[in-house]
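Take a look at the structure below.
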Amino acid sequence: MSEFAPICIYLVISPLVSLIPLGLPFPFSSNSSTYPEKLSAYECGFDPSGDARSRFDIRFYLVSILFIILDPEVTFSFPWAVPLNKIDLFGSWSMMAFLLILTIGFLYEWKRGASDRE
(Lines give C-alpha, C1' and ligand atoms only; values in the text may rest on other atoms or scores of the structure.)
Protein backbone atom coordinates (compact mmCIF):
# COMPACT_ATOMS: atom_id res chain seq x y z
CA MET A 1 0.00 0.00 0.00
CA SER A 2 2.92 2.34 0.58
CA GLU A 3 3.78 2.40 -3.13
CA PHE A 4 0.31 3.87 -3.81
CA ALA A 5 0.63 6.58 -1.18
CA PRO A 6 1.88 9.28 -3.60
CA ILE A 7 -1.02 8.55 -5.93
CA CYS A 8 -3.53 8.76 -3.08
CA ILE A 9 -2.00 12.02 -1.88
CA TYR A 10 -2.18 13.37 -5.43
CA LEU A 11 -5.84 12.32 -5.74
CA VAL A 12 -6.67 14.18 -2.53
CA ILE A 13 -4.64 17.33 -3.14
CA SER A 14 -5.42 17.90 -6.83
CA PRO A 15 -9.20 18.37 -6.37
CA LEU A 16 -8.52 20.72 -3.48
CA VAL A 17 -6.09 22.78 -5.55
CA SER A 18 -8.67 23.12 -8.31
CA LEU A 19 -11.82 23.58 -6.18
CA ILE A 20 -10.50 26.09 -3.66
CA PRO A 21 -9.86 28.82 -6.28
CA LEU A 22 -13.32 28.15 -7.71
CA GLY A 23 -15.09 28.57 -4.37
CA LEU A 24 -12.92 31.29 -2.87
CA PRO A 25 -14.66 34.31 -4.53
CA PHE A 26 -18.19 33.37 -3.39
CA PRO A 27 -17.91 34.59 0.24
CA PHE A 28 -16.51 37.92 -0.98
CA SER A 29 -18.97 38.55 -3.81
CA SER A 30 -22.09 40.64 -3.47
CA ASN A 31 -25.56 39.60 -4.53
CA SER A 32 -25.73 40.86 -8.12
CA SER A 33 -29.38 39.92 -8.57
CA THR A 34 -30.41 43.20 -6.90
CA TYR A 35 -29.20 45.16 -9.94
CA PRO A 36 -31.45 44.65 -12.98
CA GLU A 37 -28.73 46.05 -15.27
CA LYS A 38 -26.50 43.14 -14.39
CA LEU A 39 -29.19 40.65 -15.37
CA SER A 40 -29.92 42.25 -18.74
CA ALA A 41 -28.31 41.08 -21.97
CA TYR A 42 -25.28 43.03 -23.07
CA GLU A 43 -24.11 43.40 -26.65
CA CYS A 44 -21.48 46.13 -27.02
CA GLY A 45 -23.62 48.64 -25.14
CA PHE A 46 -26.66 48.15 -27.36
CA ASP A 47 -29.78 46.10 -26.92
CA PRO A 48 -29.52 42.69 -28.60
CA SER A 49 -30.41 42.96 -32.27
CA GLY A 50 -31.44 39.38 -32.94
CA ASP A 51 -31.51 35.81 -31.79
CA ALA A 52 -28.17 34.46 -30.60
CA ARG A 53 -29.03 31.05 -31.98
CA SER A 54 -29.22 32.05 -35.63
CA ARG A 55 -28.16 29.62 -38.32
CA PHE A 56 -24.89 30.01 -40.15
CA ASP A 57 -23.07 28.36 -43.01
CA ILE A 58 -21.94 24.75 -42.68
CA ARG A 59 -18.55 25.60 -44.20
CA PHE A 60 -17.42 26.96 -40.83
CA TYR A 61 -17.69 23.40 -39.53
CA LEU A 62 -15.71 22.11 -42.49
CA VAL A 63 -12.89 24.54 -41.81
CA SER A 64 -12.76 23.37 -38.20
CA ILE A 65 -12.73 19.73 -39.31
CA LEU A 66 -9.84 20.49 -41.67
CA PHE A 67 -8.00 22.07 -38.76
CA ILE A 68 -8.64 18.99 -36.62
CA ILE A 69 -7.32 16.79 -39.42
CA LEU A 70 -4.17 18.83 -40.03
CA ASP A 71 -3.34 19.61 -36.41
CA PRO A 72 -2.20 16.05 -35.55
CA GLU A 73 0.06 16.17 -38.58
CA VAL A 74 2.11 18.93 -37.00
CA THR A 75 1.91 17.30 -33.59
CA PHE A 76 3.23 13.98 -34.85
CA SER A 77 5.72 15.43 -37.34
CA PHE A 78 7.70 17.44 -34.82
CA PRO A 79 8.91 14.52 -32.64
CA TRP A 80 9.66 12.59 -35.81
CA ALA A 81 11.71 15.38 -37.36
CA VAL A 82 13.81 16.29 -34.33
CA PRO A 83 15.80 13.02 -34.07
CA LEU A 84 15.71 12.41 -37.83
CA ASN A 85 19.22 10.94 -37.90
CA LYS A 86 18.44 8.47 -35.09
CA ILE A 87 15.29 6.76 -36.38
CA ASP A 88 15.45 3.61 -38.41
CA LEU A 89 13.88 2.77 -41.76
CA PHE A 90 10.63 1.59 -40.14
CA GLY A 91 10.15 4.96 -38.41
CA SER A 92 10.70 6.83 -41.66
CA TRP A 93 8.26 4.73 -43.66
CA SER A 94 5.61 4.74 -40.94
CA MET A 95 5.72 8.54 -40.91
CA MET A 96 5.53 8.62 -44.71
CA ALA A 97 2.45 6.38 -44.56
CA PHE A 98 0.89 8.70 -41.98
CA LEU A 99 1.59 11.75 -44.13
CA LEU A 100 0.23 9.95 -47.21
CA ILE A 101 -3.05 9.18 -45.44
CA LEU A 102 -3.38 12.79 -44.32
CA THR A 103 -2.55 14.05 -47.81
CA ILE A 104 -5.18 11.80 -49.37
CA GLY A 105 -7.76 13.09 -46.88
CA PHE A 106 -6.77 16.68 -47.58
CA LEU A 107 -6.97 16.18 -51.35
CA TYR A 108 -10.39 14.54 -50.96
CA GLU A 109 -11.67 17.53 -48.98
CA TRP A 110 -10.13 19.91 -51.48
CA LYS A 111 -11.82 18.06 -54.36
CA ARG A 112 -15.15 18.20 -52.53
CA GLY A 113 -14.75 21.97 -52.25
CA ALA A 114 -14.53 22.26 -48.47
CA SER A 115 -12.22 25.25 -48.62
CA ASP A 116 -14.03 27.13 -51.42
CA ARG A 117 -15.38 30.54 -50.54
CA GLU A 118 -18.43 31.62 -52.45
Side-chain angles (χ1 to χ4, degrees):
M1 184 65 184
S2 65
E3 66 262 9
F4 296 115
I7 296 173
C8 293
I9 292 171
Y10 175 76
L11 289 176
V12 169
I13 292 177
S14 61
L16 291 176
V17 167
S18 62
L19 292 177
I20 288 174
L22 285 174
L24 192 62
F26 287 107
F28 302 109
S29 66
S30 65
N31 189 3
S32 63
S33 64
T34 58
Y35 303 109
E37 292 87 15
K38 293 212 178 230
L39 296 177
S40 65
Y42 180 73
E43 186 176 324
C44 300
F46 302 107
D47 289 331
S49 61
D51 188 18
R53 303 206 184 272
S54 62
R55 299 179 68 165
F56 58 94
D57 198 358
I58 192 72
R59 282 177 287 196
F60 291 114
Y61 289 116
L62 293 176
V63 169
S64 66
I65 289 172
L66 284 175
F67 175 76
I68 290 171
I69 289 172
L70 295 176
D71 192 39
E73 178 181 5
V74 174
T75 306
F76 291 136
S77 297
F78 183 73
W80 169 76
V82 171
L84 191 57
N85 59 349
K86 296 179 182 176
I87 61 172
D88 56 353
L89 195 59
F90 177 73
S92 295
W93 284 110
S94 63
M95 192 61 189
M96 291 302 147
F98 174 72
L99 291 174
L100 178 70
I101 291 169
L102 282 177
T103 304
I104 290 170
F106 179 70
L107 291 175
Y108 173 76
E109 290 294 326
W110 190 1
K111 181 183 173 197
R112 296 280 310 234
S115 61
D116 292 342
R117 301 281 180 222
E118 295 171 359

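Owing to the predicted nature of the structure, the values given are computational and were not obtained by experimental measurement.
With values rounded to the nearest 0.5 angstrom, Phe4 atom CZ is found 9.5 Å from Ser2 atom OG.
Pro27 approaches Gly23 most closely through the heavy-atom pair CD-O, 3.4 Å. Looking at every heavy atom in both residues, Ser94 comes nearest to Gly91 through OG-O, 2.9 Å. When all heavy atoms of Pro15 and Leu11 are compared, the pair lying nearest together is CD-O, 2.9 Å.
Residues Ile9 and Val17 fall within the same hydrophobic cluster, defined by Ile, Leu, Val, Met, Phe, Trp and Tyr side chains chained together at heavy-atom separations under 4.5 Å. No single ILVMFWY cluster, assembled from side-chain heavy atoms under 4.5 Å apart, contains both Ile104 and Leu99. If you chain together hydrophobic residues whose side chains sit under 4.5 Å apart, Leu102 and Trp93 fall into the same group.
Leu19 has its side chain within reach of Leu22: a pair of non-hydrogen atoms, C-beta onward, lies under 4.5 Å apart.
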